[in-house]
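Comments concern the structure below.
In what follows, residues are counted from 1 in the order of the sequence shown.
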Amino acid sequence: MRAVVLALTVALVACQQINLVPEFAPDKTYVYNYEALLLGGLPQEGLARAGIKLNSKVHLSAINENTFLMKLMDPLIHEYAGIWPKDPFVPATKLTSALAAQLQIPIKFEYANGVVGKVFAPAGVSPTVLNLHRGILNILQLNLKKTQNIYELQEDGAQGVCRTHYVISEDPKANHITVTKSKDLSHCQERIMKDVGLAYTERCAECTERIKSLIETATYNYIMKPASAGVLIAEATVQEVHQFSPFNEIHGAAQMEAKQTLAFVEIEKTPVVPINADYLARGSLQYEFATEILQTPIHLMKISDAPAQIIEVLKHLVENNVDMVHEDAPLKFVQLIQLLRFSTMENIEAIWAQFKDKPAYRRWLLDALPSVGTPVIVKFIKEKFLAGELTLPEFIQALVVALQMVTADLDTIQLTASLAMHEKIAKIPALREVVMLGYGSMIAKHCVAVPTCSAELLGPIHEIAAEATSKNNIPEITLALKVLGNAGHPASLKPIMKLLPGLRTAATSLPLSVQVDAILAMRNIAKKEPKLVQPVALQLVLDRALHPEVRMVACIVLFEAKPSVALVSSLAGALKTETNMHVVSFAYSHIKSLTRITAPDMAAVAGAANVAIKLMSRKLDRLSFRFSRALQWDFYHTPLMVGAAGSAYMINDAATILPRAVVAKTRAYLAGAAADVLEIGLRTEGIQEALLKSPAADESVDRITKIKRTLRALTNWKDLPNNQPLASAYIKLLGQEVAFVKIDKTIIEEAIPLATGPKPRQLLKAALKALQEGIALQYAKPLLAAEVRRILPTAVGVPMELSLYTAAVAAARVNVQATITPPLPEEIETMTLEQLKKTDVQLQAEARPSIALQTFAVMGVNTALIQAAVMARGKIRTITPGKVTARADILKGNYKVEALPVEVPEHIAAMSFETLAVVRNIEEPTAERTVPLVPELAVQNSQTPADYLSSENPDEVPVRAPAPFDKTLCLAVPYIEIKGCVELHSHNAAFIRNAPLFYIIGQHSARATVARAEGPAVERLELEVQVGPRAAERLLKQISLIDEETPEGKAFLLKLREILETEDKNRPVSSESSSSRSSSSSSSSSSMSSSRVTKTATIMEPFRKFHKDRYLAPHGASKKVSSGSSASSFQRIQKQAKFLGNAVPPVFAVIARAVRVDHKLLGYQLAAYFDKPTARVQLVVTSIAENDNQKICMDGALLSKHKVTAKLAWGPECQQYAVTAKAEAGVLGEFPAARLELEWERLPITVTTYAKKLSKHIPMAAFQAGFRLERVMNSEKEIELTAALPNQRSLNVIARIPEMTLSRMAIPLPFAIPINQDGSLSIQIDEDILSWIQKHIKEE
């Protein structure tokens, strides 16, 4: 035993004596074989992948103790785009030749104790090539400890400073040391990466706690042999994996895999000699970004002459998007943006000077320039506006987009600040607001990229806020607060707090709107530093001396700051003694809605809300909607990591009927990120304050009186104050306020003359004149809808990119021509209504709108030299031509619209989605290789089912791919002889795994075509409306209804009855017997006995009709006795006149028909009749085709002021199916009530079938809605719904349907129903308001 211990001790001492620092002796050159491989795709074999490979010899030699030279010899670059692993790599000979000189230039680097220091290279070595050298140096980076064999540290590397785990072991038999180094690239102190388009998104850490969308890891294995002064790296292998899925890695993921091998070959005596050039310091081991930031990954262009190439693409876009949009217009638009990114200010100036006077070219340039996102463009837009070369709308549109797209560096922020302070901008308040809001957004973006951003950037805004406060300049204070809110910098909290009420400041004297804006300005700060905002917000909520609106807005900020259980419980406890019911209702509804939130980032808040809600009274559930409310809902699907949330806040006032503020917000979750997509807010602060000074604020009056007084106060808007806004609104996109507007009395006074003065008449005159002369418009609008990128360095030294691009182009050509008879007078304002009635207007319009959209999702290598990636590409293109004529003969009451034949393209809509592996290099940009990710006819391998079953990992066992799915669906539209077809094609990888990602990858397409079907051609489609006494003349077919009392009618009914009986016999018989139904009913009842289902009959008081002249009359109104008796039956009225057309002419007629070349009548006509003595209305729809007696009849009558009945019948002569509806007002017990009855004689089998299926879900739905269910045998052909009002704020509902009765008592209503207990209305039209409206109309 002692011998064993002694041996172990000796071995340990020997191990500790070995110097683990890699040795490169000064007088030797160490030669290694190096291979680097980077492949992207899915991990399953048999699918396509794309990538690159670099082979080379590496020569290392020392200059002095800590400085070394490295040179690549015989480098060779390979490309790969094929089916893995059977397809071979292809040498990129031209690219290798072009880069050979650069690749073989030796570089210098510092190296001491296994750690790489500074890197030096001549200026002729591009950053892309130098990064390849860094990939090799990254292998040499070794932080080896002599005293520890297993340890962890944060190690610097090509990808940043990341968590690294070391394991060192010795193999005495093989006489070598093994070092294993693993890196978790998801946990880095400093991660080298570039994000584009993600500045306004939030990382949802809670969403990725259990499942992740992006996993990154690297493993390094070294075999080292002892040398004289250290160790020799005999072999090093690196394997790095970046795995990404938009859903969840559990459901499959695409991956980028990097492999490196560095194997020792020999030692040479010939040293590596540096070239005769200055070796410049080029940074450290960390990756250096090159032009890949400007390079889009969806195409590779060799930019030799940027201005000429821009002009070429620009001409292509203008010339090929005239009549309809070109299929590849979105891709060309992205190419234009990329070319502009590589252009200098001088290039852009020259192009602008050439095309600024050509409208089509000018529009394309102004749409493309803002999306370029470089500081040059912001400077260009600024200079052109100040020079007067851009109109105000052009400048605002370009600037808003440019400020959101541009990289937010210090120079761009300073440029934006100078623009905001320019005197020309300051003269236009709305424009200055846009620039200032953009300035705040720029700072927010900069602080995302540089978390340690200086608070000095906000110094000018803090000074503006302080100066405006001292001068009581309310608009300037408001603007400064909104800018600070956009920036969201924690350093702004103190200046904001000076404007908050109740915090020992003078802010209480400021207008309420400023106090609210100050609170809202803390929202973006709360996302970064919630602990700073929470106590401030809670203090404001609990301060009863503050205005209720201020407290409720502070409540919004408090919950957005994600308070703890203690804070929420403190709030709940304080609300027990709260006297303001609006604050109580708002906070309670907010807390209660949060209890149902499922989004991971709000899980802690939801838990706190569930605790707090138990401390509050359940009576608060019964508060009506007239009190302030907060509502939140969300949906989050954890397996797919997607979700959406919405919130709405309504702040009411007890004194008035108008809400003080309404805010609505939407939020989205995807792949571990979250963003506030859209928020809209509206405040009526000025109107509220004016109303509070009016009689409408009297708390002692009822709500109806408040409504009348409020309406009267609003009509007297001229008495409202001049010095404050009446209302305001704002809009936020991605958490940033982009625009706001304040409406005051001055704006209203300026707007009224614009609407009622001569300006509208002049515009009408110009429009009518242009229509008579003919209008021809051609317009195209491009849009870069999305550009989201994440660029990450790999161990190889080549960047990989995850990106999403969406671009769309819409184009349309419109021609409009009008013919007006008689011609309009020159002075249109002198035209009278009688003249207008005698005018016949004919309008002919032809339009050809089209849209093309392309989306690209890319994962792979993206450099200026080579691109190798897997790509998902989606395309949508629609073309919808149309040609119509319209005619309006006002005098004759005739209106007609005709749809005329147009030339239709082969496909009116086409959609495609495909996943590809693609590789291309700059030396052969047109010779790209593209391979479908899922090969259609490939047999994945030759394994048998037994092999598959015996496999330990089914994911690695590909199987035979199924055949693609192809189907064509066609539908011919009768009468108009048009056939529409949809061609479907789909081929995916779901045969590998039943997961969402595998259903998506592959090729999918759908194309829609419209063509003429077999049969006579259609000349046009007509829709004609004739109003007045000439309606009967326009009917193309005489309308008549059969009389059952005549011999012909009896014979027809007998024949129809025989047909219906035969149809009944052929109906499928239900296998469910009455006993089984009874059993099912009883089991259902027993299973829900613990709920609100009962078998005992509920005692319902009978519904009693109103007396004909007692109820539902306004107070003070004269009670006239109805001319019609309430006992008059609908059936008796129908018997008096089966068809009203025999006694009265139609009121109007509508004819819809297809005009064919064979002149056959096809279509439908509708005639409407009204019999005033019986208050009866009848509508009859008939087919105008010969020998077609199908009709639809709608018949209704007002039997009394409390009862109306209607009947819908259809089928041959309206005799096959029928439904009767009755609605009446009355009394249920002592409460005013209304009842609706539906009865049917016969219904189509499809209706009854779906009704039976639906009825099975009624019990559960009723239970969830709080209804009481009673199993009774009600009429099988009748539904009855009764609603009663016990008081103006609650409702009793009873529904009787076949086999069951549903009821619910005392349903709370969000607002009061103005019906008294005696059935009379408690509201009447205010005579003063009515007279004001009539007077205003007459004046106009």
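- Atom CD of Gln632 is separated from atom OG of Ser589 by 9.5 Å, given to the nearest 0.5 angstrom.
- Note that CG of Leu558 and CG of Leu567 are 6.5 Å apart. Values are rounded to the nearest 0.5 Å.
- Interatomic distance, Ile680 CD1 to Ile731 CD1, rounded to the nearest 0.5 Å: 5.0 Å.
- Under the 3.5 Å distance criterion, the side-chain polar atoms of Asp634 are matched with a main-chain donor or acceptor of Thr598.
- Residues Val568 and Val611 have side chains not in contact (no heavy-atom distance under 4.5 Å, counting atoms from C-beta outward).
- You'll find the side chain of Tyr636 reaches within 4.5 Å of the side chain of Met641, heavy atoms only.
- When all heavy atoms of Gly40 and Val870 are compared, the closest pair comes out as O-CG1, 3.5 Å.
- Residues Glu155 and Lys183 approach most closely at OE1-CE, 3.4 Å, considering heavy atoms.
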**Request:** Step by step, work out the side chain to side chain contact (heavy atoms under 4.5 Å, CB included) result for Ile298 and Val858.
**Result:** CA-CA 8 Å; Ile298 56 180; Val858 183; 3.9 Å; yes
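- Neither side chain, Ser182 nor Thr219, offers a donor N or O lying under 3.5 Å from an acceptor on the other.
- To the nearest 0.5 angstrom, His985 atom NE2 is 8.5 Å from His1004 atom NE2.
- In this structure, the side chain of Lys528 engages the main chain of Gly488 through a donor-acceptor pair within 3.5 Å.
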**Asked** Going through the distances and angles, do Gln159 and Glu216 end up as a side-chain hydrogen bond (donor to acceptor under 3.5 Å, both in side chains)?
**Response** CA-CA 11 Å; Gln159 293 127 319; Glu216 303 171 280; over 6 Å; no
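- The side-chain heavy atoms of Arg596 and Trp633, taken from C-beta on, include no pair separated by under 4.5 Å.
- To the nearest 0.5 Å, the span separating OG1 on Thr666 from NZ on Lys732 amounts to 12.5 Å.
- Side-chain contact between Asn988 and Val934 is absent, with no heavy atoms from C-beta onward closer than 4.5 Å.
- For the pair Arg667 (side chain) and Gly643 (backbone), a donor-acceptor distance under 3.5 Å is absent.
- Taking the side chain as every heavy atom from C-beta outward, Ile992 and Leu47 approach each other to under 4.5 Å.
- Remark: Cys207 pairs with Cys204 by the disulfide bond (SG atoms under 2.5 Å apart) rule, at least two apart or across chains.
- The distance from atom CD1 of Ile591 to atom CD1 of Ile613, rounded to the nearest 0.5 Å, is 6.0 Å.
- The two residues Asp184 and Cys162 make their nearest non-hydrogen contact at O-CB, 4.1 Å.
- Counting heavy atoms from C-beta outward, Ile791 and Asn862 have side chains that stay 4.5 Å or more apart.
- Looking only at distances, a side-chain donor or acceptor of Gln867 sits under 3.5 Å from a matching main-chain atom of Thr296.
- Closest approach of Pro297 and Glu801 over heavy atoms only: CG-OE2, 3.3 Å.
- Using a 4.0 Å cut-off between a side-chain N of Lys or Arg and a carboxylate O of Asp or Glu, Asp676 and Lys527 qualify as a salt bridge.
- Side-chain N or O atoms of Arg49 include one that pairs as donor or acceptor with a backbone N or O of Pro43 at under 3.5 Å.
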**Item:** Audit row: Ile651, Phe586, side chain to side chain contact (heavy atoms under 4.5 Å, CB included) steps and yes/no
**Value:** CA-CA 8 Å; Ile651 299 176; Phe586 188 87; 4.1 Å; yes
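- The heavy-atom pair separating Ala48 from Pro932 by the smallest distance is CB-O, 3.3 Å.
- For Gln534 (side chain) and Ala561 (main-chain N/O), a donor-acceptor pair under 3.5 Å exists by modelled atom type.
- For the residue pair Glu679 and Tyr730, a side-chain donor N or O sits within less than 3.5 Å of a side-chain acceptor on the partner.
- Between Leu792 and Arg191 there is a side-chain heavy-atom pair separated by less than 4.5 Å.
- Judged purely by atom type and a 3.5 angstrom limit, Gln154 uses its side chain to pair as donor or acceptor with the backbone of Arg163.
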**Asked** Would Tyr805 and Arg789 count as a side chain to side chain contact (heavy atoms under 4.5 Å, CB included) if you check the C-alpha gap in whole Å, the side-chain angles of each, and the deciding distance to 0.1 Å?
**Response** CA-CA 9 Å; Tyr805 280 80; Arg789 306 171 66 187; 3.2 Å; yes
**Request:** Show your working on side-chain hydrogen bond (donor to acceptor under 3.5 Å, both in side chains) between Ser628 and Ser585 and close with a plain yes or no.
**Result:** CA-CA 6 Å; Ser628 301; Ser585 175; over 6 Å; no
**Message:** Quick one, Tyr200 with Ser441, criterion side chain to side chain contact (heavy atoms under 4.5 Å, CB included). Give me CA distance, side-chain angles, the key distance, then yes/no.
**Reply:** CA-CA 9 Å; Tyr200 301 134; Ser441 299; 3.4 Å; yes
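- Using a 4.5 Å heavy-atom cutoff, the side chains of Leu802 and His242 are not in contact.
- Here the side chain of Thr595 pairs a donor or acceptor atom with the backbone of Lys592 at under 3.5 angstrom.
- Although no hydrogens or angles enter the test, the distance criterion places a donor-acceptor pair under 3.5 Å between the side chain of Lys445 and the main chain of Gln404.
- Contact record, Tyr220 with Ala795: OH-CB, 4.1 Å, taken as the closest heavy-atom pair.
- Applying the side chain to side chain contact (heavy atoms under 4.5 Å, CB included) test to Leu916 and every residue at least two apart in sequence or in another chain returns Arg873, Glu914, Thr930.
- Between the side chain of Asn524 and the backbone N or O of Gly485 there is at least one donor-acceptor pair closer than 3.5 Å.
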